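Read through the structure below, which is laid out as C-alpha cells, and then see the notes.
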Amino acid sequence: MDEDAILSDVEGEEEAHQEEVGGDEKVQVCQLTQETIGQGLSLLCRTGNGLGHAFIKLDLKDNNHLSDLSPLASLTQLLWLKVDNNAVACFKGQPFAQLTYLQWLSVAVNQLTDLDGLVGPALESLSLTGNSIQRVSGLQSGCFANLVTLELRGNHLDTTNGINLPNLQRLYLAQNVIKHLEGLERLERLTTLHLRDNQLNTLDGLSPNMKCLQYLNVRGNDLDKNALQCLRLVSKTLQVLVISENPLVESTDYRLSVLVVLPQLERLDKDTVSPDERAEAQERIKELREEEISDP
C-alpha cells in the first residue's frame, strides 16, 4: 500500500467547522505514557522497505491535558496525528522534526501562542484552531513545502502577514481580530480564503497574484461599498463570495453592485446568481462604460 492509498483511508477531506475555545480553568497537566500512546494508535501498515509494520495513525484528543509530546519522537512512521483539547503551549522541544512522514496534524484547542519550533516537511493539512496564536512568522515555505490546507480559526491574529506558503490552497482565518490583509500576494495557488468574523473595514491586500482564488468568505466584518473595488483584483477567478453581515449589504441593490464588479460570480452569499441578475448586471456595466466614453 502506497502512502496516497493510506491517506485516503485515514484522512479524507474534513469539512470546515467552528471550534469552541476552552476557558481559563486550571487543569492538571499529565505525562504522555506508553499506555496512553498505545490506546490511541491505529491503522497498522507496512513500512517503506516492506520488511516491517508500523502504526501510522494516532489520536490523543481530550487525552489528560497533555503538554509534552516528546515521547512521540520514536513513532517515525506516523502519517496522521490529532492532539486536540490538550495543554500544548509551544512547539519547541516537541518531536515534529523526527516525524518526517507526518501529513495530517491537528493541535486544535490547546495553549499555543506562536509557531516557533514547528516543522512539517511532509505536512499537507495543519489545524491550529482555537489557540491563542498572535503571529505566524514561522510559516515559511522551506519548512512546509507541501502544506495545502491551514486552519487558524479562533486565534488572536490581527494580520495575515507571515504566511509565506506559495503552495497553500485553503486558508481558514475566521474568528480572529484581523484588521489588515498583508502578504497575500505570496499565495499564488490559494483557492479558498475564509475570513469570517474579523475586523476588516477594507479588502486592500487582495492581490492579482492570487490567480486561483475561487471562494472568499468575509462575512461578519465592517466592509462598506468602497471595499468592492478591491475585489476587481481577483475578479477573473472568483466564483463564490460570502459578504453578508457587513454594512454594504444594507443597500437594497447590493447584489447588483457586487455583480457589476464580479460579473462572472456564480454564488453570492447563500444564493446562486440568477440569469436575470446577471443580465441586469451586464446592462449596468454597459451603461457605466457608455458614461465613461461620453464623459472622459
Side-chain angles (χ1 to χ4, degrees), residues 14 16-37 39-41 57-75 78 80-99 102-120 123-140 143-144 147 149-165 168 170-179 194-199:
E14 290 209 343
H17 63 281
Q18 296 183 5
E19 294 277 2
E20 291 289 336
V21 180
D24 295 328
E25 298 179 6
K26 291 185 177 180
V27 294
Q28 182 179 359
V29 175
C30 299
Q31 299 298 316
L32 186 56
T33 65
Q34 186 173 3
E35 180 181 3
T36 303
I37 294 174
Q39 291 172 350
L41 285 169
K57 180 177 180 180
L58 177 58
D59 191 344
L60 295 172
K61 179 181 178 182
D62 300 314
N63 212 310
N64 299 318
H65 308 291
L66 301 170
S67 64
D68 181 12
L69 305 177
S70 57
L72 302 181
S74 61
L75 301 177
L78 277 183
W80 192 100
L81 175 61
K82 176 179 282 191
V83 289
D84 296 359
N85 294 294
N86 280 285
V88 179
C90 70
F91 287 116
K92 290 180 179 178
Q94 303 289 9
F96 297 104
Q98 285 76 43
L99 305 182
L102 194 64
Q103 298 183 14
W104 192 95
L105 172 63
S106 182
V107 197
V109 195
N110 277 267
Q111 299 174 13
L112 296 165
T113 58
D114 59 54
L115 306 183
D116 293 349
L118 178 62
V119 293
L123 271 182
E124 297 179 4
S125 178
L126 173 61
S127 175
L128 301 165
T129 293
N131 282 278
S132 299
I133 298 168
Q134 301 177 25
R135 58 186 181 87
V136 289
S137 57
L139 286 174
Q140 304 298 318
C143 298
F144 300 93
L147 197 64
T149 302
L150 175 61
E151 298 206 31
L152 282 160
R153 310 167 192 265
N155 280 278
H156 297 164
L157 299 173
D158 63 3
T159 177
T160 55
N161 198 30
I163 304 175
N164 186 13
L165 300 169
L168 195 68
R170 293 173 289 274
L171 178 58
Y172 300 98
L173 296 169
Q175 297 175 304
N176 279 275
V177 290
I178 295 173
K179 302 178 178 66
H194 199 290
L195 290 159
R196 177 178 175 176
D197 296 332
N198 278 281
Q199 298 178 13

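What you are looking at is a predicted structure, and each value in this text was computed from that prediction instead of being measured.
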I need the [X] [atom1] to [Y] [atom2] distance, nearest 0.5 Å.
{"X": "Glu124", "Y": "Gln103", "atom1": "CD", "atom2": "CD", "value": "4.5 Å"}
{"X": "Glu151", "Y": "Ser125", "atom1": "CD", "atom2": "OG", "value": "6.5 Å"}
{"X": "Leu168", "Y": "Leu126", "atom1": "CG", "atom2": "CG", "value": "10.0 Å"}
{"X": "Leu118", "Y": "Leu139", "atom1": "CG", "atom2": "CG", "value": "7.5 Å"}
{"X": "Leu173", "Y": "Asp197", "atom1": "CG", "atom2": "CG", "value": "12.5 Å"}
{"X": "Cys90", "Y": "Leu115", "atom1": "SG", "atom2": "CG", "value": "11.5 Å"}

Practice task
Would you please test Val109 and Asp84 for side-chain contact (heavy atoms from CB on, under 4.5 Å) and show each step?
Solution key: CA-CA 6 Å; Val109 195; Asp84 296 359; 5.6 Å; no
Least distance between heavy atoms, [X] atom then [Y] atom:
{"X": "Val88", "Y": "Gln94", "value": "CG1-NE2, 3.9 Å"}
{"X": "Leu72", "Y": "Pro95", "value": "CB-CG, 3.9 Å"}
{"X": "Asn110", "Y": "Leu66", "value": "OD1-O, 4.4 Å"}
{"X": "Lys61", "Y": "Asp59", "value": "N-OD1, 3.0 Å"}
{"X": "Asn131", "Y": "Leu128", "value": "ND2-O, 3.0 Å"}
{"X": "Phe144", "Y": "Gly120", "value": "CE2-N, 3.6 Å"}

Exercise for the section: Return yes if some donor-acceptor pair links the side-chain N/O of Asn155 with the main-chain N/O of Arg153 below 3.5 Å, else return no. Expected result: yes
Exercise for the section: Decide side-chain contact (heavy atoms from CB on, under 4.5 Å) for Trp104 and Lys82; before the verdict, give the C-alpha distance in whole Å, the side-chain angles of both, and the deciding distance to 0.1 Å. Expected result: CA-CA 8 Å; Trp104 192 95; Lys82 176 179 282 191; 3.7 Å; yes
Problem - Note: Arg135-Asp116 ion pair, threshold 4.0 Å (strictly below) - result: yes
Practice task
Apply side-chain contact (heavy atoms from CB on, under 4.5 Å) to the pair Leu171 and Thr160, showing each step before the final yes or no.
Solution key: CA-CA 10 Å; Leu171 178 58; Thr160 55; 5.7 Å; no
Problem - Val83: which of Leu32, Asp62, Leu60 passes side chain to side chain contact (heavy atoms under 4.5 Å, CB included) - result: Leu60
Exercise for the section: For the pair Tyr172 and His194, name the ring-plane relationship: parallel under 30°, tilted 30 to 60°, perpendicular over 60°. Expected result: tilted
Exercise for the section: Step by step, work out the side-chain contact (heavy atoms from CB on, under 4.5 Å) result for Asp158 and Ile178. Expected result: CA-CA 4 Å; Asp158 63 3; Ile178 295 173; 5.8 Å; no
Exercise for the section: For residues Leu123 and Phe96, determine if any side-chain heavy atom of one lies less than 4.5 Å from a side-chain heavy atom of the other. Expected result: no
Exercise for the section: Consider only side-chain N and O atoms of Asn176 and Asn198, and report whether a donor and an acceptor are under 3.5 Å apart. Expected result: no
